[in-house]
Colleague: 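Encoded as structure tokens, here's the structure I'll be asking about.
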Amino acid sequence: MARVRYGARTEDEIRAARTASSRLPDIWSTGVVAVWESDPDAVAAVLPPPLKPAGDSLVRANISRVDLPGYPLGAGSVAVSAVHDGQSGWYPLVMPMTHERALIGGREVFGEPKKLGEVTVERDGLVVRAALARHGIAFVEVRGAVDSVLPLPEPVEKVDFYFKFLPAVDGRGFDADPVLVYCVRNEKVRKLERITGDVVLRESMYDPVADLPVRRVVEITIGEKTTDQRGRVAERVSAEALLPYIHQRYDDPQQILDGPPAGSV
């Protein structure tokens, strides 16, 4: 019988796949990072327990082009500063990706709030434009011009907070207690420039980051960097406390109830 590709993989095939994924070379991206001060109450309102406001009310937009061989990828995120049990980090609200492969792994393994979207990073001389868009709306746009070269920072460790959960089969809560995930990234930078410009937030019912207004732009940069990442479960969290926030993950919260009615086939 010919090989059935949906059949079980052998132990050798599983081992080979793991080995290949652990030996990936550094993958460099070109990205724009914009950080701004926002409304403290708005930032606090989007943080599920046990995350707490960091005190600086910062919002960060990352908009990157990843030059994978034969597989160019656009990747972005909008996150707010947060603290958990003394650990500072960022809580992403939305992470647009241009390809399904980048989306699925992050959502299923780490609980990242990834969605398919459009990611643009353009540079013409000193002029830079970067944007995140979904459903035809560029809900974040960063525009400006490079004004100086910045010294390269030392390699740094950064932490993002995610909530990993499975909506319950019967539509009531979760199948198991959700977990808070620390995603730890080691970042190296080989080029960094400062941009003078502005951040434009546009109204979108699907990605309402306009609710986190730009009070003051802290910095805008464009650079080339590479990161690796690893995750760990920090703690199990209250399902009841997280439930009011799970709409953040979906364009339509009702879609988690889209299974067939009882008794149907």
Side-chain angles (χ1 to χ4, degrees), residues 3-11 13-15 17-18 21 44-52 73 75-80 82 84-85 87 89-118 132 134-135 137 139 159-184 204-209 211 229-265:
R3 174 70 183 272
V4 178
R5 286 167 292 177
Y6 274 126
R9 284 184 170 182
T10 67
E11 290 185 6
E13 288 173 324
I14 294 173
R15 189 180 304 110
R18 287 175 176 166
S21 64
V46 303
L47 292 173
L51 297 183
K52 297 180 180 179
L73 168 69
S77 71
V78 178
V80 298
H84 172 255
D85 197 22
Q87 172 65 58
W90 296 89
Y91 174 60
L93 295 166
V94 62
M95 300 178 69
M97 301 284 136
T98 57
H99 293 299
E100 185 181 37
R101 182 176 181 181
L103 182 152
I104 291 175
R107 283 179 68 102
E108 295 187 358
V109 177
F110 294 107
E112 294 173 328
K114 289 183 173 180
K115 299 177 179 180
L116 287 175
E118 300 171 19
L132 300 175
R134 298 181 65 251
H135 301 287
I137 302 168
F139 59 91
V159 176
D160 279 354
F161 303 120
Y162 305 125
F163 290 94
K164 184 176 180 179
F165 57 81
L166 283 175
V169 173
D170 63 6
R172 296 178 176 87
F174 305 103
D175 276 333
D177 286 339
V179 294
L180 173 63
V181 174
Y182 281 17
C183 185
V184 181
S204 169
M205 64 180 291
Y206 304 104
D207 305 289
V209 298
D211 291 349
Q229 69 180 47
R230 65 188 187 278
R232 68 176 179 88
V233 173
E235 65 173 89
R236 293 199 173 274
V237 301
S238 164
E240 183 178 0
L242 182 60
L243 192 60
Y245 296 87
I246 65 169
H247 66 92
Q248 295 174 344
R249 192 70 54 90
Y250 304 98
D251 287 351
D252 178 4
Q254 291 300 114
Q255 72 187 70
I256 64 173
L257 306 178
D258 279 350
S264 67
V265 294

Colleague: Any donor and acceptor pair, going by atom type alone, linking the side chain of R134 with main-chain N or O of L116 inside 3.5 Å?
Modeller: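 Yes, R134 side chain to L116 backbone: donor-acceptor pair under 3.5 Å.
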Colleague: side-chain contact (heavy atoms from CB on, under 4.5 Å), that's the test. Do V94 and K114 meet it? Break it down for me.
Modeller: CA-CA 6 Å; V94 62; K114 289 183 173 180; over 6 Å; no
Colleague: Are Y91 and F161 near enough that their ring centres are under 6.0 Å apart?
Modeller: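 Aromatic pair excluded; centres sit 6.0 Å or further apart.
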Colleague: K164 side chain to V109 main-chain N or O, any donor-acceptor pair under 3.5 Å?
Modeller: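 Looks like yes, one N/O pair under 3.5 Å.
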Colleague: Work out which heavy atom in G117 is nearest to a heavy atom in P96; give both atom names and the distance.
Modeller: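 The answer is CA-CB, 4.3 Å.
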Colleague: Determine the minimum heavy-atom distance between E240 and P244, stating which atoms define it.
Modeller: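 Smallest interatomic distance, heavy atoms only, reads O-CD, 3.3 Å.
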Colleague: When rounded to the nearest 0.5 angstrom, what distance separates CE in M97 from CD1 in I104?
Modeller: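 With rounding to 0.5 Å, CE (M97) is 13.0 Å from CD1 (I104).
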Colleague: Given the rule in the side-chain contact (heavy atoms from CB on, under 4.5 Å) test, do F163 and V237 qualify, once you have shown the distances and angles that lead to the verdict?
Modeller: CA-CA 9 Å; F163 290 94; V237 301; 4.1 Å; yes
Colleague: Does the side chain of H135 come under 3.5 Å of the side chain of D207 through a donor N or O and an acceptor N or O?
Modeller: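 Side chains of H135 and D207: no pair found under 3.5 Å.
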Colleague: In this structure, which one of R232, Q87, H84 forms a side-chain hydrogen bond (donor to acceptor under 3.5 Å, both in side chains) with Y182?
Modeller: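 Checked R232, Q87, H84 against Y182; only one passes side-chain hydrogen bond (donor to acceptor under 3.5 Å, both in side chains): H84.
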Colleague: For residues R249 and K115, report the shortest heavy-atom separation together with the two atoms involved.
Modeller: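 What the structure gives for the nearest pair is O-CE, 3.3 Å.
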Colleague: Taking the side chain as everything from C-beta on, heavy atoms only, tell me whether F139 gets closer than 4.5 Å to P208.
Modeller: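 In short, these two side chains do not touch, never coming nearer than 4.5 Å.
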Colleague: Judged by atom type as modelled, is there a donor-acceptor pair below 3.5 Å linking the side chain of S204 to the main-chain atoms of Y206?
Modeller: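 Yes, S204 side chain to Y206 backbone: donor-acceptor pair under 3.5 Å.
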Colleague: Name the one of L242, D177, L243, D175 that satisfies side chain to side chain contact (heavy atoms under 4.5 Å, CB included) with F165?
Modeller: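 It is L242; the other options fail the test.
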Colleague: Taking V46's backbone N and O only, do any of them form a donor-acceptor pair with Q248's side chain (distance below 3.5 Å, no angle check)?
Modeller: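 Yes, because the side chain of Q248 sits within donor-acceptor range (under 3.5 Å) of the backbone of V46.
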Colleague: Calculate, to the nearest 0.5 Å, the distance between atoms CG and CG belonging to L47 and L93 respectively.
Modeller: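 Answer for the CG-CG pair, L47 versus L93, is 8.0 Å.
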Colleague: Walk me through it: do R3 and E13 pass the test salt bridge (charged side-chain N to carboxylate O under 4.0 Å, His left out)?
Modeller: CA-CA 14 Å; R3 174 70 183 272; E13 288 173 324; 3.1 Å; yes
Colleague: Locate the shortest heavy-atom distance separating Y162 from C183; write the atom from each residue and the value.
Modeller: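 The answer is CE1-CB, 3.3 Å.
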Colleague: Quick one: do V80 and W90 satisfy side-chain contact (heavy atoms from CB on, under 4.5 Å)? Show the steps, please.
Modeller: CA-CA 5 Å; V80 298; W90 296 89; 5.5 Å; no
Colleague: Output the distance between atom OG1 (T10) and atom CZ (R15), rounded to the nearest 0.5 Å.
Modeller: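 Spacing of OG1 (T10) from CZ (R15) equals 8.5 Å.
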Colleague: Check P113 against R107 and note the closest heavy-atom contact, atom names and distance.
Modeller: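 Taking P113 first and R107 second, the nearest heavy atoms are C-NH1, 4.4 Å.
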Colleague: Considering only heavy atoms from C-beta outward, does the side chain of P50 approach that of L180 to under 4.5 Å?
Modeller: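 A side-chain contact exists here, since the closest heavy-atom pair is under 4.5 Å.
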Colleague: If you take all heavy atoms of R230 and F110, which pair is closest and at what distance?
Modeller: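 Smallest interatomic distance, heavy atoms only, reads C-CE2, 4.1 Å.
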Colleague: Rounded to the nearest 0.5 Å, what's the gap from CE on M95 to CG on D160? Could you check?
Modeller: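 It is 6.5 Å, given to the nearest 0.5 Å.
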